[in-house]
S.K.: 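I'd like to ask some things about the structure below.
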Amino acid sequence: VHLINFFTSGPDEVRAWTIRKGYKAPQAAGCIHTDFEKKFIMAETMSFADLKELGTETAVKAAGKYRQEGKLYEVLDGDIIFYKFGK
């Protein structure tokens, strides 16, 4: 079926999104809201496996495994993504 999951999180909620394998970061953002795709700036990403291993977002950043990705980034299964988009 070629589907993968990525995650978004906020202070009150963690959400899993299902997309087709091969989607670029802006396309995946468009699954959340079409404006996110149109106004995409970048995606800050880390893998779930890294978060599970290291325990906290701060530890993932300290280990150099927190990434800033652009429009050409292909979303991977298990990515945790914080999207930045314009107004």
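As the structure is a computational prediction, the values presented were derived from the model and not from experiment.
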S.K.: Tell me every residue that passes side-chain contact (heavy atoms from CB on, under 4.5 Å) with Thr56, counting only those two or more places apart in sequence or in another chain.
M.R.: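 So Thr56 forms a side-chain contact (heavy atoms from CB on, under 4.5 Å) with Thr58, Ala59.
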S.K.: Only counting residues at least two apart or in another chain, list the ones meeting side chain to side chain donor-acceptor pair (under 3.5 Å) with Lys61.
M.R.: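 Per chain and number, Lys61 pairs via side chain to side chain donor-acceptor pair (under 3.5 Å) with Glu57.
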S.K.: Who pairs with Lys65 by side-chain contact (heavy atoms from CB on, under 4.5 Å), at least two apart in sequence or on another chain?
M.R.: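 With sequence neighbours excluded, Lys65 shows a side-chain contact (heavy atoms from CB on, under 4.5 Å) to Asp50, Leu54, Val60, Ala63, given in chain and number order.
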S.K.: Would you please name every residue forming a side-chain contact (heavy atoms from CB on, under 4.5 Å) with Leu72, sequence neighbours left out?
M.R.: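 Expected list: none.
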S.K.: If you define the side chain from C-beta out and look only at heavy atoms, does anything of Leu3 sit under 4.5 Å from Lys21?
M.R.: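 With C-beta onward as the side chain, the pair stays apart.
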S.K.: Please round to the nearest 0.5 Å and tell me the distance separating atom SG of Cys31 and atom CD of Glu37.
M.R.: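 Rounded to the nearest 0.5 Å, the SG-CD separation comes out at 8.0 Å.
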S.K.: Please, which pairs that meet salt bridge (charged side-chain N to carboxylate O under 4.0 Å, His left out) have at least one residue in residues 6-15, sequence neighbours excluded?
M.R.: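 Sorted pair list comes back empty.
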S.K.: Does the pair Phe6 and Ile32 meet the rule for a side-chain contact (heavy atoms from CB on, under 4.5 Å), with working shown?
M.R.: CA-CA 11 Å; Phe6 74 94; Ile32 299 169; 4.1 Å; yes
S.K.: Linking I/L/V/M/F/W/Y whenever any side-chain heavy atoms sit under 4.5 Å apart, do Ile4 and Phe7 land together?
M.R.: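 Looking at the clustering, Phe7 is in a separate group from Ile4.
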S.K.: Using ring pair (Phe, Tyr, Trp, His ring centres under 6.0 Å) as the criterion, list what pairs up with Phe36, not counting sequence neighbours.
M.R.: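 Phe36 satisfies ring pair (Phe, Tyr, Trp, His ring centres under 6.0 Å) with His33, Phe85 once adjacent residues are dropped.
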S.K.: Considering residues at least two apart in sequence or located in another chain, which fulfil the salt bridge (Lys or Arg N to Asp or Glu O under 4.0 Å) criterion with Glu53?
M.R.: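 Glu53 satisfies salt bridge (Lys or Arg N to Asp or Glu O under 4.0 Å) with no residue once adjacent residues are dropped.
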S.K.: Return the set of residues passing side chain to side chain donor-acceptor pair (under 3.5 Å) with Gln27 (not counting sequence neighbours), or none when no residue passes.
M.R.: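 Residues passing side chain to side chain donor-acceptor pair (under 3.5 Å) with Gln27: none at all.
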S.K.: Which pair of heavy atoms, one from Glu69 and one from Phe40, lies closest together, and at what distance?
M.R.: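 Scanning both residues completely, I find the closest heavy atoms to be O-CZ, 4.2 Å.
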S.K.: Please write out which residues are connected to Met42 in a hydrophobic cluster, directly or through intermediates, given that two of Ile, Leu, Val, Met, Phe, Trp, Tyr count as joined at side-chain heavy-atom separations below 4.5 angstrom.
M.R.: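 Ile41, listed by chain and number.
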S.K.: Return all side-chain donor-acceptor pairs below 3.5 angstrom for residues 74-84, not counting sequence neighbours, or 'none' if the list is empty.
M.R.:
unit_1 : atom_1 : unit_2 : atom_2 : d
Asp77  : OD1    : Asn5   : N      : 2.9
Asp79  : OD2    : Tyr73  : OH     : 2.6
Asp79  : OD2    : Leu76  : N      : 3.0
Tyr83  : OH     : Ala25  : O      : 3.1
Tyr83  : OH     : Ala29  : N      : 3.4
Lys84  : NZ     : Glu44  : OE2    : 3.2

